[in-house]
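This report refers to the structure that appears directly beneath it.
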Amino acid sequence: MSETYQPHAIEVKWQRKWDETKLYRSEVDWDKPKHYALTMLPYPSGDLHIGHWFAMTPSDARARWMRMKGYNVLFPMGFDAFGLPAEQAAISRNIHPWKWTYANIERMREQLRSMGAMFDWEREAISCTPEYYKWSEWFFKRFYEQGIAYRGSAMVNWSESLQTVLANEQVIDGKDERTGQPVVHKMMEQWFFAITKYADELLDFEGMDWPESIKIMQTNWIGRSEGARATFHTEIGKHPIEIYTTRPDTLWGATFMVLAPEHDLVDKITKPEQRAAVAEYIHETALETEIERMLEHREKTGVFTGAYAINPVNDERIPIWIADYVMITYGTGAIMAVPAHDQRDFEFARAHDLEVRVVIQPEAMAEPLTSDSMTEAYDGPGVMVNSDAMDGSLSTWRKGRKNPAINRVIDWLEATGKGEEAVNYRLRDWLISRQRYWGGPIPMMYDGDEIIPVPDEDLPVELPEDVDFMPTGRSPLTYHEPFFKVNDSVRRETDTLDTFMCSSWYQLRYLSPDCDTAPFDAEEAAYWLPVDVYTGGAEHAVMHLLYTRFFTKVLRDIGVYADAAAAMRRHGRDPEGAFDEPMTVLRNQGQVLGGERQGDFVLCSGRVVGERMQADRVEVVDWNQVPAGFDGIFGEIAHRTEDVLHVNMAGVTQFVEVLPDAGIIIPEIPGENNVNQLRHHLDIQRMSKSKGNVVNPDELVEKYGADVVRCYLMFNFDWQKGGPWNENNIKGPQGWLHDVWEIATAGPPSAEGDAAAERDIERKLHQTIAVINRGLKEFSFNTAIAEQMKFKNALKAALRDDCIGAEVWRGVMNQMIRLLAPFAPHIAEEMWLRLGWDYSVHSQPWPEYDAEKAREEMVDLVVMINGKPRETISVAVDIERERAQELALSSGAAQRSLGGKAPKRAIFIPGRNGTDPKVNIVV
RNA sequence: GCCUCCGUAGCUCAGGGGUAGAGCGCUCCCUUGGUAAGGGCGAGGUCAUGAGUUCAAAUCUCAUCGGAGGCUCCA
């Protein structure tokens with residue numbers, strides 16, 4: 001009689017043993033193929049979330065699989081430990097960020113250990129340690145020397161409430177994600193990285209196995225466009241105004257110009273009589289929040305500067321306006337406005353009574369376009385008109401030089417010196433200064449206007465500890481004289497580095513976290529780089545994942561990998577291309593969401609009009625509490641679109657339109673309510689503390705054991721999609737592991753065994769290996785586990801029927817446990833030990849798939865009549881066409897439907913990889 | 001508005017031109033000395049909708065509807 005499966009005891013035992021025996025220590029071994037598996041490092045918030053488990057344990061399973069397949073696997077872990085929450089904790093709870101962060105890291109290390117992952121803790125790196133940020137600073141200096149890091153002014157997201165610049169990712173819907181306060185735009189002098197210099201190279205994903213969606217997002221984010229640059233002058237011949245356009249073929253239709261309100265020239269060209277109005281407008285736009293700017297269908301506002309420009313292509317005099325629909329951050333911050341062929345310009349022209357002139361005439365239109373008849377801009381193809389020598393050129397849908405009209409105009413612009421071909425990017429340089437304390441110091445000093453880098457030997461510039469955390473919203477460093485005052489004239493930079501800079505190179509620090517002579521050890525880098533598989537959330541698509549690619553390319557160009565390349569050559573490996581990209585394969589996991597929720601139960605009363613009720617009163621009541629005599633619609637809200645409720649009334653959906661002035665009564669929300677506050681069913685939502693639907697992994701491990709939780713996460717979701725949490729479903733994997741345990745610990749069966757049944761189990765085992773291999777390769781963990789469940793079911797049935805002898809049982813156990821090891825490492829290790837095999841199952845080779853053993857001998861030949869299956873005939877697996885057709889035609893089904901006549905045709909479809917052979921008889 | 005992905009059993013998901021699949025849940029039966037459990041049998045699907053291609057479409061194409069994510073005055 002076997003012991004029942006008790007996860008806790010065995011899990012803790014094995015975690016300890018793995019540590020003690022350094023089972024997962026990864027060391028350079030040039031004789032073995034390497035595999036660098038990496039999962040995005042967590043922020044030490046203090047509690048491991050179920051999302052971390054979901055991201056990390058499948059990656060761990062895959063890394064374990066690679067290891068068993070004979071690779072030398074590196075699977076490190078660390079912490080992205082700088083960031084605002086630590087500083088907030090310091091302000092609100094008076095705990096120093098160091099203390100808060102380190103305490104959290106301690107706690108999270110323990111939680112991470114409970115996963116049973118094969119992390120090599122000797123390679124742990126923590127970005128907020130001086131040993132780490134010394135090299136972040138060092139990189140900054142190298143970037144500065146190469147002109148990649150520079151100080152410049154730019155429009156930034158400024159939070160008035162926090163008195164700091166915010167990163168783009170911290171601005172959600174125009175509001176600061178922490179305080180919910182609106183964000184404004186402000187011109188500020190800051191440090192930047194010239195990521196735009198790498199825009200073209202970053203658009204090249206050659207050889208990268210990354211999700212298509214990420215490549216597309218990065219491509220869109222970089223936003224390369226092709227067109228032309230042209231220079232307009234003011235009518236007095238001064239002040240050249242550079243413009244960029246993707247439609248140089250519409251230059252002759254430019255009837256005015258617009259500058260962004262922040263444009264440098266605004267002040268210079270504005271005429272005295274317009275000065276007051278212009279100043280007023282600039283002031284208003286500066287106060288505008290991101291939210292206001294994002295409103296759809298905004299009225300196109302703007303002010304005339306009083307100045308005129310000369311259109312270089314036709315010498316026409318056109319007015320210069322300023323308007324906030326032109327962004328200082330895109331292109332040159334100034335445009336030529338062609339209202340006839342650009343919707344925004346059209347709206348502006350109509351709002352301010354400016355000329356609209358057609359210069360592209362569509363060919364296949366009944367009525368030619370005229371400015372009077374147009375109700376919107378026309379941006380389709382056509383023939384150039386009103387464009388002097390260019391008239392008649394054909395403009396197509398194509399962009400850039402591929403458009404004949406654009407091609408011709410660019411040639412002409414270049415020949416006449418009025419403009420030139422140009423490429424523009426939406427991508428902006430990376431703003432890396434933060435007005436915060438808890439970040440890597442920027443190793444720069446100022447003597448007046450002069451910028452002085454901190455000498456390398458003085459790195460790292462360390463963060464002072466004895467600072468006052470006052471809730472001023474400003475970095476304590478700006479008040480800390482010993483820090484910023486170098487001497488009477490030299491002042492140290494008090495801004496700190498964006499944390500994304502620290503996480504742009506952590507994959508390098510893992511290689512040698514203790515190295516103090518260089519950011520990483522060349523020999524280690526030569527062996528392990530690049531990262532072979534990187535897993536993490538898609539939310540980092542255009543931030544972290546773009547930055548780290550950029551970083552890698554800069555390091556390559558400034559020679560940081562030179563020693564590593566030399567080491568590779570020494571070991572006979574070609575360094576060509578090894579340092580161009582940080583990660584070869586990328587996969588994103590989805591998100592585990594909160595479970596579904598019941599909708600409100602409502603009583604609706606009003607008038608019934610046709611199919612639906614127009615309700616003037618909706619009351620939320622206790623579930624199923626319908627007062628006697630109520631004759632309206634009642635039930636659960638299944639769905640809501642705008643103000644139409646889909647009410648599930650005893651299984652029938654009733655539609656209720658809630659009138660705008662309807663009374664809505666929700667007992668737990670006193671006062672006036674509106675239709676948006678009604679809750680509908682099936683609302684799958686993010687987990688958050690405020691919603692009370694957070695799943696705590698520690699409790700789950702306590703309840704079910706780590707192996708069950710791992711398997712549940714891998715089995716119950718499509719990993720790349722995620723989905724709603726449903727703890728009921730954990731019973732599936734739980735039952736599976738219990739059964740496997742039962743089978744393994746029950747000891748060998750006493751039965752004789754049946755050769756056919758044993759052969760069948762062997763066949764199923766090999767078929768299972770094939771599916772697991774494919775599942776792991778393709779990150780389809782759920783299918784890999786489902787197949788093992790099926791195998792267990794088959795094995796269990798065979799054992800029950802006393803078909804399996806001891807010897808076969810032992811062989812099957814040996815392979816089955818190895819197959820299970822990557823998914824449920826603890827239970828596999830324990831069963832392996834109990835069956836008397838040597839430590840450790842994780843050091844065993846992965847079971848070899850044998851196609852011969854997986855092969856079926858007999859299969860069902862499917863007889864189809866006109867494509868519909870009618871009958872099956874058991875045949876040999878390698879049946880030939882002629883024999884199959886013969887058999888099919890003589891089958892009962894065929895005889896019946898043919899009725900003595902000859903078939904039109906009989907199509908044989910050989911069975912391949914698991915499908916049965918078929919013959920389709922067309923009658 | 002634009003781009004990407006997705007609609008298969010009650011739920012979560014495989015499959016992907018050739019017989020509709022898994023786990024959970026559910027029905028019924030057995031066990032009640034593995035018991036906040038175990039075993040067995042079974043039901044359940046117009047593969048979102050409509051058209052096209054094909055001997056054959058859940059699968060390929062197009063359109064429509066619905067869902068998720070990203071970008072968004074990008075000149």
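Below, read A as the first sequence line, B as the second, and so on, with proteins coming before strands; counting in each chain starts at 1.
Counting only N and O atoms by type, the side chains of A:Asn424 and A:Ser225 include no donor and acceptor under 3.5 Å apart. For the residue pair A:Thr231 and A:Glu242, a side-chain donor N or O sits within less than 3.5 Å of a side-chain acceptor on the partner. Neither side chain, A:Asp324 nor A:Thr285, offers a donor N or O lying under 3.5 Å from an acceptor on the other.
Here A:Lys300 lies in heavy-atom contact (under 4.0 Å) with a base. Base engagement by A:Ile907 is indicated by at least one non-hydrogen atom pair under 4.0 Å involving a base atom. Counting any heavy atom pair closer than 4.0 Å across all strands shown, A:Lys796 reaches sugar-phosphate atoms only and no base atom. Counting any heavy atom pair closer than 4.0 Å across all strands shown, A:Arg224 reaches no nucleic acid atom. Within the nucleic acid shown, A:Asn782 comes within 4.0 Å of sugar-phosphate atoms alone, with no base atom in reach, counting heavy atoms only.
For A:Trp252, the ring-ring contact (aromatic ring centres under 6.0 Å, His included) criterion is met by A:Trp412, not counting sequence neighbours. Judged as a side-chain hydrogen bond (donor to acceptor under 3.5 Å, both in side chains), and not counting sequence neighbours, the contacts of A:Asn773 are A:Trp65, A:Trp846. Residues satisfying the ring-ring contact (aromatic ring centres under 6.0 Å, His included) test with A:Phe779, not counting sequence neighbours, are A:Trp719. In this view, A:Phe715 satisfies the ring-ring contact (aromatic ring centres under 6.0 Å, His included) rule with no residue, not counting sequence neighbours.
More than 12 non-hydrogen atoms from other residues, nucleotides or ligands lie less than 6.0 angstrom from CD of A:Gln343. By the 6.0 Å contact criterion, CZ on A:Arg401 is enclosed, its count of non-hydrogen atoms from other residues, nucleotides or ligands being greater than 12.
A sub-4.0 Å separation between OP1 or OP2 of B:C74 and a side-chain N or O of A:Arg344 is present. Dashed line: the shortest gap from a side-chain N or O of A:Tyr244 to OP1 or OP2 of B:A75 is not under 4.0 Å. For the OP1/OP2 pair of B:U72 and a distance below 4.0 Å, the side-chain nitrogens and oxygens of A:Arg426 include at least one atom meeting the criterion.
Rounded to the nearest Å, the gap between the P atom of B:U59 and that of B:A20 is 14 Å. Between B:G15 and B:G38, the distance separating the two P atoms is 29 Å to the nearest Å. For the C1' atoms, the distance linking B:A51 with B:C24 amounts to 37 Å, nearest Å.
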Open item on the list: Dot-bracket, 5' to 3', for RNA chain B please: Watson-Crick or G-U pairs under 3.5 Å, [ ] where pairs cross earlier ones, | where the partner sits on another strand, dots elsewhere.
Closed with: (((((((..((((....[..)))).(.(((.......))).).....(((((..]....))))))))))))....
Tabulated below should be each protein N or O lying under 3.5 Å from an N or O of nucleotides 21-24 of chain B; please produce it.
{"from": "B:G23", "atom 1": "OP1", "to": "A:Asn793", "atom 2": "ND2", "distance (Å)": "3.0"}
{"from": "B:C24", "atom 1": "O2'", "to": "A:Asn729", "atom 2": "OD1", "distance (Å)": "2.9"}

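Summary of the strand contacts: A:Tyr425 and A:Val542 both lie near RNA chain B, and taking for each the nucleotide with the nearest heavy atom, the more 5' one is attributed to A:Val542. For A:Arg247 and A:Arg905, each mapped to the nucleotide of RNA chain B holding its nearest heavy atom, the one lying further toward the 5' end belongs to A:Arg905.
Judged by distance alone, with hydrogens and angles left aside, A:Lys721 brings no side-chain donor or acceptor close enough to the base of B:C5 to form a pair under 3.5 Å.
B:G16 takes the anti form, because its glycosidic angle lies more than 90° either side of 0.
Note: A:Phe348 and A:Phe256 meet the aromatic proximity criterion, with ring centroids under 6.0 Å apart.
Considering only the side chain of A:Trp221, B:C71 comes nearest among B:A56, B:C71, B:C3.
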